[in-house]
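Scope of the values below: all heavy atoms of this structure, side chains included, with no hydrogens, waters or symmetry mates.
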Amino acid sequence: MSKNILRSIKGTHDILPEESWRWQQLENHLHQFMARYGYREIRTPVFERTDLFARGVGQETDIVSKEMYTFSDMSETSVTLKPELTAPVIRSFLQHNLGKLSPLTKVYYIDAAFRQERPQAGRYRQFHQYGVEALGTEHPEIDAEIIAIAYYSMVEFGLDDLTIKLNSIGSGECRKNFRDALRNFLQPHLGELSETSRRRFATNPLRILDTKAPHEQEIIADAPTIIDYLTDEDRRHYQELRIILDAMEIPFEEDSSLVRGLDYYTRTTFEIISPALGAQSSVCGGGRYDKLVETLGGKPVPGIGFGAGIERVLMARNAAGEIEPPAIVQVYLAVMDDESRSRGMTYLHHLRSAGIRADGDFLRRSLKAQLREANRLGAEYAIIIGSRELNQNIVQVKSLNDGVQESMAADDFVAKLVKNLA
Ligand code: ATP
Ligand code: MG
């Protein structure tokens with residue numbers, strides 16, 4: 001490749017026509033799927049005030065502490081390309097007072113996210129997520145619905161071998177006691193912890209539990225688990241959720257190490273794992289955040305949601321088996337001579353208006369080359385016209401599957417093809 005050609009930024013990807021049809025399939029599936037569950041789409045801007053993420057995602061998270069694309073605009077406002085979608089959705093919910101319209105707000109998004117991470121398989125700097133947020137109830141039925149959406153949206157798209165990991169981290173009350181117990185446990189190991197973990201020991205020791213460093217994971221294997229600190233009400237909420245999930249035939253594994261270190265996360269947390277993804281095995285992360293709306297300046301509103309990585313969902317789907325791409329065109333319009341070109345354009349227009357995927361020759365190629373192109377594009381029929389067809393007001397219709405050719409009246413070949421292709 002020429003040295004003068006500019007290349008895309010590391011960790012970003014073009015979605016080329018060879019694969020964009022897969023993205024469209026997933027997006028179409030999601031729009032229909034979400035409608036069945038009563039969720040409506042919300043779209044928020046690509047960038048927001050940095051402060052939204054500092055407050056809504058949390059200073060101590062990997063995202064805010066080291067992964068954000070942050071810059072000052074001309075008015076010296078610090079803005080950030082959104083690294084996740086929940087905080088923008090809550091911001092929009094509050095700004096437009098959506099809670100006033102209905103006591104339960106159910107929305108979904110399909111969107112890009114930006115994080116400055118080390119690019120590798122399944123980890124990019126611009127990636128895409130779909131997800132849902134339900135705001136307005138703390139009852140476990142909605143937790144079950146959110147998990148069902150995450151799980152069945154993937155299963156219906158053809159993903160297999162998925163594992164749902166589930167935990168409850170209780171509410172604020174039990175968090176303090178757990179934090180104290182965790183500090184007592186970690187105190188003797190402080191010297192072995194990384195600098196980041198030592199800092200978190202002071203600011204927010206729960207964050208140490210989702211460390212990725214193997215030697216730290218070994219240490220925390222014996223740490224106290226939050227389940228033992230749940231209040232009676234937290235315990236009941238968790239129990240009811242598990243009963244509903246069983247009844248809905250949603251398989252899950254309880255995992256007491258699945259924690260979120262931030263104070264506004266409450267009770268239910270879950271993650272979906274696919275073995276097809278190797279090291280980046282997490283397709284989806286979600287949970288309840290009953291204190292987040294307050295953190296962002298609103299009156300208390302309980303909420304729960306999840307975010308799923310679209311690239312990882314597509315990778316996991318690819319691993320589950322080949323899918324035939326749809327043929328690019330159904331009908332190819334070929335012309336034998338220059339006099340037929342303009343009539344060809346008219347017929348092409350009629351075919352397309354009738355809902356048929358149709359294409360023709362724009363390079364003034366030979367008939368043979370045009371028919372080769374028709375096959376390459378996957379067409380089922382070629383329409384062939386020349387001056388004889390023009391004079392008799394007919395067209396030749398050639399089936400490219402069996403090579404059979406017949407002439408049809410120019411006035412009704414489009415209607416016939418619509419029927420044949422249905
Ligand atoms: P990980 O542990 O893989 O870093 P995370 O905890 O940062 O994931 P979330 O913030 O919960 O992930 O995002 C939800 C989902 O978005 C993830 O489960 C994953 O599928 C996807 N995801 C997160 N970061 C990236 C990335 N850099 N590139 C591609 N997909 C990503
Ligand atoms: Mg991450």
Side-chain angles (χ1 to χ4, degrees), residues 8 12-44 46 84-85 106-114 121-124 126-133 145-164 250 272-278 280-286 305-332 351-352 354-359 374-380 401 418 421-422:
S8 59
T12 69
H13 294 276
D14 301 312
I15 300 163
L16 301 174
E18 275 63 42
E19 51 177 347
S20 59
W21 62 276
R22 299 285 296 127
W23 286 71
Q24 289 181 357
Q25 275 185 345
L26 177 58
E27 287 162 12
N28 292 340
H29 160 67
L30 289 171
H31 290 306
Q32 284 166 19
F33 185 93
M34 296 299 176
R36 274 190 270 141
Y37 281 78
Y39 287 70
R40 293 192 299 161
E41 190 182 12
I42 186 164
R43 302 189 190 197
T44 61
V46 170
E84 60 97 52
L85 280 302
K106 292 174 158 195
V107 291
Y108 73 97
Y109 57 80
I110 302 176
D111 210 342
F114 306 85
R123 194 175 292 289
Y124 316 110
Q126 174 173 343
F127 63 102
H128 300 79
Q129 289 189 337
Y130 73 90
V132 305
E133 314 292 348
E145 174 165 282
I146 295 289
I147 295 171
I149 290 175
Y151 181 66
Y152 285 119
S153 66
M154 294 177 193
V155 170
E156 280 191 22
F157 192 63
L159 274 68
D160 51 21
D161 293 334
L162 298 174
T163 303
I164 301 176
I250 296 171
I272 301 183
I273 307 284
S274 164
L277 296 178
Q280 268 62 249
S281 62
S282 163
V283 261
C284 156
F306 73 81
I310 291 184
E311 286 84 354
R312 293 190 197 176
V313 167
L314 290 174
M315 282 164 74
R317 179 59 192 85
N318 282 344
E322 278 292 305
I323 310 152
E324 219 13 61
I328 300 171
V329 309
Q330 297 169 291
V331 174
Y332 189 91
L351 287 161
R352 289 164 167 174
I356 293 175
R357 297 199 301 279
D359 211 345
N375 277 310
R376 194 187 69 82
L377 294 172
E380 282 186 51
N401 297 325
V418 168
L421 288 166

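With contacts defined as side-chain heavy-atom distances shorter than 4.5 Å, the pair Ile328/Asp359 does not qualify. Using a 4.5 Å heavy-atom cutoff, the side chains of Lys106 and Arg40 are not in contact. Between Val155 and Tyr152, some side-chain heavy-atom pair lies under the 4.5 Å cut-off. Side-chain atoms of Met315 and Gln280, non-hydrogen and from C-beta on, never get closer than 4.5 Å to each other. Side-chain contact check for Ile42 versus Glu133: every heavy-atom pair is 4.5 Å or farther apart. In this structure the side chain of Ile149 never reaches within 4.5 angstrom of the side chain of Tyr108, judged on heavy atoms.
Counting all heavy atoms, side chain and backbone alike, Ala112 lies closest to Leu85 at O-CD2, 4.1 Å. When all heavy atoms are compared, the tightest approach of Ser274 to Leu162 is CB-CD2, 3.9 Å. Minimum heavy-atom separation, Glu27 to Ile110: CG-CG2, 4.1 Å. Smallest separation of non-hydrogen atoms from Met154 and Cys284: CE-CB, 3.7 Å. Residues Leu277 and Ala316 approach most closely at CD2-N, 3.9 Å, considering heavy atoms. Scanning all heavy atoms of the two residues, the minimum distance from Asp111 to Thr44 falls at OD2-O, 4.1 Å.
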Mind running side-chain contact (heavy atoms from CB on, under 4.5 Å) on Thr12 and Tyr124 for me, showing each step along the way? CA-CA 6 Å; Thr12 69; Tyr124 316 110; over 6 Å; no

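For the residue pair Tyr130 and Ser153, a side-chain donor N or O sits within less than 3.5 Å of a side-chain acceptor on the partner. Using modelled atom types, one finds no donor on one side chain facing an acceptor on the other under 3.5 Å when comparing Gln126 with His13.
Residue Ser20 holds its OG atom at 8.0 Å from CD1 of Ile15, rounded to the nearest 0.5 Å. Atoms CG and CZ, from Leu421 and Arg357 in turn, are 9.0 Å apart once rounded to the nearest 0.5 Å. With rounding to the nearest 0.5 angstrom, the CZ atom of Phe114 is 7.0 Å from the NE2 atom of His128. Between Leu314 atom CG and Arg317 atom CZ the span is 10.0 Å, to the nearest 0.5 Å. Put simply, CZ on Arg22 and CD1 on Ile310 are 12.5 Å apart, with the number rounded to the nearest 0.5 Å. Atom CD1 of Ile272 sits about 9.0 Å away from atom OG of Ser282, to the nearest 0.5 Å.
A donor-acceptor pair is defined here as one N or O able to donate and one able to accept, closer than 3.5 Å; no such pair exists between the side chain of Glu380 and the backbone of Asn401. When atom types are taken as modelled, the side chain of Arg312 and the backbone of Val283 share no donor-acceptor pair closer than 3.5 angstrom. Distance alone, capped at 3.5 Å, places no donor-acceptor pair between the Tyr332 side chain and the Gln330 backbone.
Within 6.0 Å of the CZ atom in Arg352, the count of heavy atoms belonging to other residues, nucleotides or ligands exceeds 12.
Using a 30° and 60° split on the angle between ring planes, Phe33 and His29 fall in the tilted class, from 30° to 60°.
Remark: of the listed residues Glu18, Glu19, Gln25, Gln25 is the sole one forming a side-chain contact (heavy atoms from CB on, under 4.5 Å) with Trp21.
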